[in-house]
Participant: 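Below is the structure I would like to discuss, written out as C-alpha cells.
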Amino acid sequence: MRGIISYGAYLPHRRLDRSTIAAVAGTGGGKGTRTVASYDEDTTTLGVEAARRALRATSARPGALWFSTVTPAYVDKTNATTVHAALLLPGDVIAADFGGAVRSGIAAARSALAGGPAALVVTADIRTGLPGSADEEAGGDAGAALLIGDETDGPVIAELLGSGTATDEFLDRWRTPGDDRSKQWEEKFGENKYVALGQAALRDALKDAGIEADRVDALIVAGTHGRANKAVAKKSGIDGAKVVDDRSGTLGNPGAAQAGLVLAATLDAAAPGQVIVLLSLADGADALVFKTTEAIASFTPDSPVADQAAAGAPVPYGKFLAWRGHLSPEPPRRPEPARPSASAAGRSEDWKFGFVGAKDRSSGAIHLPPARVSMEGGAIDDMDPIPMADVQGTVATYTIDKLVYSPSPPVVFAIVDFDGGGRAPIELTDVDPKAVAIGDRIEMTFRKLFTADGIHNYFWKGRPVPGSAPASDSADEKEA
Amino acid sequence: MASHGIKDRVAIVAMGCTPFREHWDKGVDDLALEAGNEAFAAAGITKDDVDAYWLGTAQSGMSGITLSRALQLQDKPVTRVENYCASGSEALRQACYAVASGAYDVAMAVGVEKVKDSGYQGLNAFPIPNDGTTRTLTAAGSFSMVAPAYAEKYGVPMDQLKRTLARIASKNHFNGARNPRAQFRREMSVDQICAMPNVAGDLSVFDCAGVADGSASAIVVRAEDAYRYTDKPIFVKALSFIAGNGSGLVDPGYDYTWFPEIAACAADAYAQAGITDPVSRIAMAEVHDCFTPTELVLMEDLGFSERGMAWKDIESGRFDLNGELPVNPDGGLKSFGHPVGASGLRMMFEAYLQLRREAPEDRTISSISGDRNLALTHNLGGYPGEMVSFVSILGADKD
C-alpha cells in the first residue's frame, strides 16, 4: 500500500482585502481576501514551514525531499537543500527541485507515489501579478507538504487507488524567466482545452482505481484557470455537493501549492474509508484517487488548515505592493547589510538553518548559538546538540527599532527565554509592534532576514504563538 | 593572582580636548593634531619628549601609523588600541601601565574618532564576515531593552520611567549648555524631551548620545616626576577593565536591569583605590550615558544608588550639577557628543578640569570637600549582555 503518511499546510499570517485594491490601482480587486507572504518569506521558507508541520505530525521520516515551486528563491542553486537543512534531514536523503511551472507540484507528488523511498513532497508558491490584475487578486501564497510512502515507512492515512494523466502542448498562461507577471491567452481557449483533458484524466484514474463516480466522497479540482476548474467539476459526473470548496475566495490560489493545500484541508476533516479525488489542471491534467484508511482516525494534523485560515491579520495594499517589489518606499538611511559568508554559514549549518544549539553535558546550560566552551563551569567540547526550532519561549524584554536597516521597518526585537533553558536575542515577525509585551509566548519560524548580493540570508525569527497574542493587528502600519 | 593596580604611581600632567562637533572641515589627522598640541603646550614639552604613544580609535584608522603620520612622530612606538567605545580609556590604561612599569618616562594617550564621514546618521559598525545569524539591531535598540525590563522588575510605571530618563537627558543638556566644547549647548526640559517621537523602544533621539567628531589626549608620567610638568597633577588611583563573555545574550539568568561587567569592574576599581564606601569618597563621576537607560542603571552598578532606587535618586536631583554627587558635569555623551575613540579621554578631561578647579565657573561643582575628593570615570563598549567596561578613579592628591 502506497499513499500519504502525513501532510502539513502553511498559510502566511497576512491577508489582503481585495476591495482595497481598486482605490490604489484604479482597477481590479473584488470581494474576499487572499493570503500574502510576508516580506521575510519566500517560497523556500513557506515550504519549510509546511514541511515542519508534516513531520511534526508523524514519526516517519523521508528518504527523499522533492521541492516544487513556480517562483524559486534561487535558480542554478537548489532550493530543496535549504528545506533539507531546516528540517535537519540526514545527508543521505536526496533533496532536489521540481520547478518552474504549476504542474511541477503535482508531478513531484506523482513521482513520489510511483515508488521508491518515502518522499517528502514540498510545494510552495507566491503568486503575484501587476497591480490591479486578475492574477494579483486571484493568487495566494502558501506551502503544502505531503509525506508519501509505503506502509513499511509509516501508517498510510490515504492510500492511492489509481491515477490518470493527460498531457498536451498548448498556451494558456506563460511567463518568461525574470518577469514579475504571467500572461494569459484568451480564457476560453484554455477552458476548452482543460475541460477535455480533465475529463480524460479523471476517467482514466477512476478506471485505474476501479471506482465509479458516484462512490467519490470528495472531488478537489486545482488549477490556475478558475473557469476551467468549475467547468470540469460540473462535467465530472460527480455530485456537485462532493466538490470541495478550494477556499480561493478567502485564501486565493497558491499555484503549485494549491493541490496540496486543498488536499490537506480535505484530509483534516476526513473519516476512514472516504474516496478523495484530486484533479490538477496544469498544462494537461493529473488525477489521483485516494481512499482514507483506518489510520487517519488516529492521525492528528499539526495546525489544521481551517485554524490557520481563521487566524491571520490584514496587510494594507500599499505594504503588499512594497513587499512584492511593485512599490519602492524610501528605505531607512542606514547601510545595507553585508552578504553572509558562505564558509561561515557552512560551518554553522545546523544553527543557521536548523536552530540547533548546544547543551553542556555537565552544567546543562544551553548555548544559542552552539559554543565549544561552556559559559558555566568552563567545560570544553563537552556538549550535545539540542534542536530548539520546535521549543517555545517567553519574551524577557524587547524593543521596536525604527533606526536599523530592515526590508520592512520597524524591526521588532526580543530577548526570548526558551522553555527548559536557553536564551536568544531574536527578531520577531508577524507581530503587531504595539501589542508586544514582556511575557509574550513565542514560537520559532524559518525566515529570510534579507538578501544581499543575491544571497538570501535565511535564519529563524520568533512569532507570537497562535492564540496567545492580542487579536488587534494590522501589519505595522498603525505604528507610523 | 590579583588585580593590584598602580595607585598613585602615575599622574596625568596635561590634557587636550577638541570641541566635539560635526567637524565637516576636519579629518582624523586634524583632530588628533589639535588635541595633541593642546596637551604638549600644557605640559610644556614637544612631541619628541614623549617616549611612547597609544592611540584609541574604534574605526577611524588602522595601526599606530594613523597617529604617527598625523603628528609626524619619528622613531616612536605608537600602538593603536580598540575596545569598542572604551578605546580612548584603553589607550590611557596602556600608557599608564607602560610608565608604571618603568619602560618609559613619558607616555601619551590620544583618542580620536571621525564618525561624520560615513554619510549616515548614528554610528555604523565595520562589518566582519559572518554567518548572517548575528542580531541586527542598532545600539539604541539594544540599550532600549533595559527600560521595560527595569520598569517591570522594580514596578516603576513606564510613564514615570520615561520622565526619569528624560530627566537624565535634561540634566546632561543643562550641564552641556555650560560647556563651550560640548556639541549640544541648549537646555532641554523634561516635557520637551518627553514630547519627542520614539525611535527605538521608548527612546527618542534625545535619549541617545550625540554623534560627533573629536579627539582628546593625555600625557602621563611617573608620580614622582609629575610636579616637573605641572603644579596640579592628577594622580591615577585605579584603572579597571573587564571584557564580558557575552553570556547575557544566551543566559536566561541575566535580566537586563544591570550590567554585571560594570559592577565587577567598579568593584575592582574601588579595591585598587582602597575605597570601601564609594559614596563617601567619590565627589563626581563621568559615566557612559550612551543612552539614558544606561546612565540609570550605571548609578546602581557603580554603587551610587541601591538596586531599584536610582530612578528616585535621579528624580531627587542627587546627580545634578549642584547635587550631592554630580554625574556628567560636562554634559556627558548626551550633550558633549560621542566620538567613540575620544570619549574615554574626554571623561578624564572633565575630571582633570574639576579636580584642578579649572572648570568654567558656571559648571564648577561644589561637592569636592574633605575625603570626598575623588573623581570616577566610567566608559563602556558593546551592548547589554555583551559589553566591555572601564572604570578609573582619579584624585588631585596622593594618599
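In what follows, every heavy atom counts, from backbone to side chain, and hydrogens, waters and symmetry copies are set aside. Lettering follows sequence order; numbering is per chain, from 1.
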Participant: Looking at Asp382(A) and Arg361(A), does any basic side-chain N land under 4.0 Å from a carboxylate oxygen?
Facilitator: yes
Participant: How would you list, in number order, the residues of residues 330-346 of chain A that have a heavy atom less than 4.5 Å from chain B?
Facilitator: Arg333(A), Arg334(A), Pro335(A), Ala338(A), Pro340(A), Ser341(A), Ala344(A), Ala345(A)
Participant: In terms of side-chain geometry, is the basic nitrogen of Lys26(B) or Asp117(B) positioned less than 4.0 Å from the acidic oxygen of its partner?
Facilitator: no
Participant: Would you kindly say whether Ser38(A) and Arg14(A) are connected by a side-chain donor-acceptor distance under 3.5 Å?
Facilitator: no
Participant: Within residues 199-208 of chain B, which positions have a heavy-atom distance to chain A below 4.5 Å?
Facilitator: Val199(B), Ala200(B), Gly201(B)
Participant: Give me the ring orientation class for His173(B) and Phe184(B): parallel if the planes are under 30° apart, tilted from 30 to 60°, perpendicular past 60°.
Facilitator: tilted
Participant: Counting only heavy atoms closer than 4.5 Å, note whether Asp251(B) contacts chain A via side chain, backbone, both or neither.
Facilitator: both
Participant: Count the heavy-atom pairs under 4.5 Å between each of Gly246(B), Pro197(B), Gly385(B), Gly248(B) and chain A, then report the option with the highest count.
Facilitator: Gly248(B)
Participant: Please determine, by modelled atom types, if Thr394(A) and Asp417(A) share a side-chain donor-acceptor pair under 3.5 angstrom.
Facilitator: no
Participant: In terms of the angle between their ring planes, are Trp258(B) and Tyr254(B) parallel, tilted or perpendicular, with boundaries placed at 30° and 60°?
Facilitator: tilted
Participant: Take the angle between the ring planes of Trp323(A) and Tyr39(A) and call it parallel below 30°, perpendicular above 60°, tilted in between.
Facilitator: tilted
Participant: Can a donor-acceptor pair be found, under 3.5 Å and without considering hydrogens, that links the side chain of His367(A) to the backbone of Val250(B)?
Facilitator: no
Participant: Please name the residue in the list Val411(A), Asp401(A), Ile400(A) that meets the side-chain contact (heavy atoms from CB on, under 4.5 Å) test with Pro433(A).
Facilitator: Ile400(A)
Participant: Check the side chains of Glu113(B) and Ser60(B) for a donor-acceptor pair under 3.5 angstrom, ignoring hydrogens and angles.
Facilitator: yes
Participant: Suppose we call two aromatic rings close when their centres sit under 6.0 Å apart. Are Phe336(B) and Phe20(B) close by that rule?
Facilitator: yes
Participant: Report yes or no: do Ser335(B) and Asn172(B) form a side-chain donor-acceptor pair below 3.5 Å?
Facilitator: no
Participant: Can you give me the closest heavy-atom contact between Glu41(A) and Ile126(A), atom names plus distance?
Facilitator: O-CD1, 4.0 Å
Participant: Between Ala396(A), Ser406(A), Gly422(A), which has the largest tally of heavy atom pairs under 4.5 Å with chain B?
Facilitator: Gly422(A)
Participant: Give me the atom names and distance for the closest heavy-atom approach of Arg423(A) to Leu249(B).
Facilitator: CG-O, 3.2 Å
Participant: With no hydrogens and no angle check, is any side-chain donor or acceptor of Ser363(A) less than 3.5 Å from a backbone partner on Ala365(A)?
Facilitator: yes
Participant: For chain B, which of Ile438(A), Val373(A), Thr399(A) has the most heavy-atom pairs under 4.5 Å?
Facilitator: Thr399(A)
Participant: Between Arg52(A) and Glu49(A), does any side-chain N to carboxylate O distance fall below 4.0 Å?
Facilitator: yes
Participant: Checking the side chain of Gln183(B) only, and the main-chain atoms of Val211(B) only, is there a donor and an acceptor separated by less than 3.5 Å?
Facilitator: yes
Participant: Ignoring hydrogens and angles, state whether a donor on the side chain of Asp40(A) or Thr429(A) is under 3.5 Å from an acceptor on the partner side chain.
Facilitator: yes
Participant: For chain B, find its close neighbours in residues 446-463 of chain A: heavy-atom separation under 4.5 Å, sorted by number, or none.
Facilitator: Leu449(A), Asn457(A), Phe459(A)
Participant: Counting heavy-atom pairs under 4.5 Å to chain B, which of Val412(A), Thr397(A), Val404(A) comes out on top?
Facilitator: Thr397(A)
Participant: Looking only at heavy atoms, what is the nearest atom pair of Val287(B) and Glu295(B), with distance?
Facilitator: CG2-CG, 4.0 Å
Participant: With a strict 4.5 Å heavy-atom criterion, list every residue of residues 140-161 of chain B that contacts chain A, or say none.
Facilitator: Ala140(B), Gly141(B), Ser144(B), Met145(B), Pro148(B), Ala149(B), Glu152(B)
Participant: With a 4.5 angstrom heavy-atom cut-off, could you sort out which part of Leu403(A) is near chain B: side chain, backbone, both or neither?
Facilitator: both
